[in-house]
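Indexing begins at 1, ligand by ligand and atom by atom, following the structure's order.
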Amino acid sequence: MATQARPQPLDGLKSRLFATRKLTAELAAPLSDADATIQPFPDASPAKWHLAHTSWFFETFVLRDHVPSYRPFDERYAYLFNSYYEAEGPRHARPRRGMLSRPSLEEVLAYRVHVDESLDRAFADLSPAALELVELGINHEQQHEELFLTDILATFAENPLEPAYGELMPPGCFASEPLSWKRGREGIVEIGASSDGFAFDAERPRHRIFLAGHEIASRPVTNSEWREFIDDGGYSTPTLWMSEGWDWVQRERITAPLHWRGEAEFTLGGPRRIDPQAPAAHLSYYEADAFARWSGARLPTEGEWEDFAASADPMIGNQLDEAGAVVPRPGGGIFGDVWEWTKSAFSSYPGFSPAKGAVGEYNGKFMCGQFVLKGASCATPRGHSRPSYRNFFPPNARWQFTGLRLARDA
Ligand SMILES: [Fe+2]
């Protein structure tokens, strides 16, 4: 009897599953079918695709594989909404996701309901292995909730009418805090997720690393500090940049963070005056690295950041809550506002092994050419952050809420 063998916390699993599914659907409520269909550039996905793909994940890895009586909503959807799982066969090309005028938003929402109702019916009899995949599916969907918001921001940023999706965070809620430096631990420390609780495979195993003497800034770099960098010719001084970054700045004609427009920035709430006290956001690794060099500092390593986070207080800052908005915490917190670039390449930990089956493609095959970001952003769902978390993006990516915190040798 699967229900008797199940560990206790799984009652919470079911409510977290449906709370997560509900939040994703609510994030789509302000969108028209046209809003939800546009793909602003190949790395971003249409809102409709996120809504369907997260459902495909549960449909495939939980319902198809563990519930013999399950019947798919539409067998053609596997081709449309498989993201990158080679083991699941051919799929629609990522850069052409914006061509999917059909299925409609309404049909995709009906697909979600079909998957939710099937999960609800099957839940009591799911095996421990299937329940682990439900946990993975929840965390997967939370990642897509954040991508959903940043992709909508990128979509609306393309429209000269400057439409507003909805205010994520009230303006002017950042408190000014002078920067101070915190001495980090020196010597052998442990990083990575322990074997308790959920973590993605890339966070394990927990292992020892060596930290040289260093200090970490008490808060992320702010917009006013970024303005000083611009005014000092930061974007036109080649000696501040990595060669690849300098090529990128020139080729793409980069002169400011992604959504800055003069004295204003484009936000999910529409155009807003740039808040000088807010953490600088929508920065590439190249920009973060150049700013750190201009400051006479450097980016932290992921080990330095994680060891700092393990002793930091307060932990939780401005993050997305269950109602799909941010309840401001003016004092900030290291898990919120912006993801923070580290100088560490996203690579495997000693003893790493990918999860078994198709979901083993989740992280391991992306350990090439990307950098680790730590913390969380204002668009990260509350509860989806921990010191061992390793977000990752290529060095030119900046459509996420990405910023930086300085570090230096000491
Ligand atoms: Fe995904």
Exceeds 12 heavy-atom contacts within 6.0 angstrom, atom CD of E132: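 Result for CD/E132: open.
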
Lys/Arg cation over aromatic F308: R405, 6.0 Å, 45° cone: no

From H140, R112, H144, residue fulfilling side-chain hydrogen bond (donor to acceptor under 3.5 Å, both in side chains) relative to T54: R112

Under-2.8 Å protein N/O/S neighbours of the Fe ion (ligand 1), ordered by chain then residue number: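 Near the Fe ion (ligand 1), the protein supplies H53 NE2, H140 NE2, H144 NE2.
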
L133 side chain near F57 side chain, heavy-atom distance below 4.5 Å: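 Counting from C-beta outward, L133 and F57 never come under 4.5 Å.
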
Verdict with supporting geometry, Y235 and E287, side chain to side chain donor-acceptor pair (under 3.5 Å): CA-CA 8 Å; Y235 281 100; E287 291 166 285; 2.5 Å; yes

Verdict with supporting geometry, V359 and F61, side chain to side chain contact (heavy atoms under 4.5 Å, CB included): CA-CA 8 Å; V359 292; F61 299 125; 3.9 Å; yes

